[in-house]
2 protein chains.
Amino acid sequence: MNITFNKRDPLYVQVIRYFKEQIATGAFEPGEEIPSRRELASKLKINPNTAQRAYKEMEEEGLIYTEGNNPSKVTKDIEKIASVRQEMIMEAVDAFVHAIRPINVSLDEVVGLIEAKLNEEQEGRK
Amino acid sequence: MNITFNKRDPLYVQVIRYFKEQIATGAFEPGEEIPSRRELASKLKINPNTAQRAYKEMEEEGLIYTEGNNPSKVTKDIEKIASVRQEMIMEAVDAFVHAIRPINVSLDEVVGLIEAKLNEEQEGRK
DNA sequence: CATGGTGTATTAAGTGATTAATACACGAGG
DNA sequence: CCTCGTGTATTAATCACTTAATACACCATG
């Protein structure tokens, strides 16, 4: 459970983001139980309602599901998981293109920069 | 003067963004006079203070300058302009890498998506 | 049967930033 | 000299959103 919060985005958004990443990459497997609202709140030192809000939105999106009074679980719908992953990718691409388009810069150049940045961050993880 | 405002970001931020793009691409040339605060506000139908805030930040960043009571002008420092352009590119790259890194996706794939998106938007402009 | 852990719902508070209102100082030009 | 258009500064209002407080229903378990 490695979340580092920035103070720019709302907490619940960052929580959602984290879970989406974990689910999209398979770090949280389909059907796997996730922490209860209160447990997550305790671990992350946030208000339980903030955890609830994040979970609620994820549930409405079909990313997790809840049965009875038990902690929620990751959806078993692997197609849904795949589509969420794809959406995350497309959102990033859209935002990037939208930011880069008005500036005059070649595709090759930005690809080079992206590649460099990716490698750089990989190095940082050694 | 083609600005379309979204309601997600603050007005003054979007104004700054617009001018940065224009200056970075050379659409606004070094030394060129830009609209007065009130004129801009009138054109964009925003409050003059909002225009002022945008201009003030741009001036603090060295993007524009003001002499006496005359409308501000684009900086003549072409190195500054080049560096601002580079910063915009790097910010976009950083944001993109940050968003894409936690997901498991190959460089080739995202490059393909970016290329497709760029072409798609180019088509839309026909 | 009561206690503690679930999820859930409603409402209030706080917080922070953006935007707007207003006023002031300066200078060119009629 | 007065008016109009500049830039500038200070303060207030607004506004949306996030976060928190509180309470309720359910159920398993000792």
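Heavy-atom basis, side chains included; hydrogens, waters and symmetry copies ignored. Letters go in sequence order (proteins before strands), and every chain restarts at 1.
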Separation of [N] [atom2] from [X] [atom1] (nearest whole Å):
X       : N      : atom1 : atom2 : answer
A/Glu67 : D/dA28 : CD    : C1'   : 16 Å
B/Ile34 : D/dG5  : CD1   : C1'   : 16 Å
B/Glu33 : D/dG5  : CD    : P     : 15 Å
B/Tyr65 : D/dT8  : OH    : P     : 14 Å
A/Glu59 : C/dT6  : CD    : C1'   : 13 Å
A/Glu39 : C/dG5  : CD    : P     : 11 Å
A/Gln52 : D/dT19 : CD    : C1'   : 13 Å
A/Arg37 : C/dA9  : CZ    : C1'   : 12 Å

Salt bridge (Lys or Arg N to Asp or Glu O under 4.0 Å) partners of [range], not counting sequence neighbours, each pair once:
range                     : answer
residues 24-33 of chain B : none
residues 45-58 of chain A : A/Arg53-A/Glu57
residues 82-95 of chain A : A/Asp94-B/Lys117

Looking only at heavy atoms, what is the nearest atom pair of A/Lys80 and A/Gly62, with distance? CG-O, 3.8 Å
Generate the contact string for nucleotides 14-30 of chain C. Rules: B means base contact, S means sugar-phosphate contact only, - means no protein heavy atom under 4.0 Å. ----SBBBB---BS---
Indicate whether OP1 or OP2 belonging to D/dT6 is found under 4.0 Å from a side-chain N or O atom of B/Ser36.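 B/Ser36 to D/dT6 OP1/OP2: side-chain N or O found under 4.0 Å.
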Sequence neighbours left out, what passes side-chain hydrogen bond (donor to acceptor under 3.5 Å, both in side chains) with A/Arg17? Give chain and number order. A/Glu21
Sequence neighbours excluded, every pair satisfying ring pair (Phe, Tyr, Trp, His ring centres under 6.0 Å) that has a member inside residues 51-95 of chain B: B/Phe19-B/Tyr55
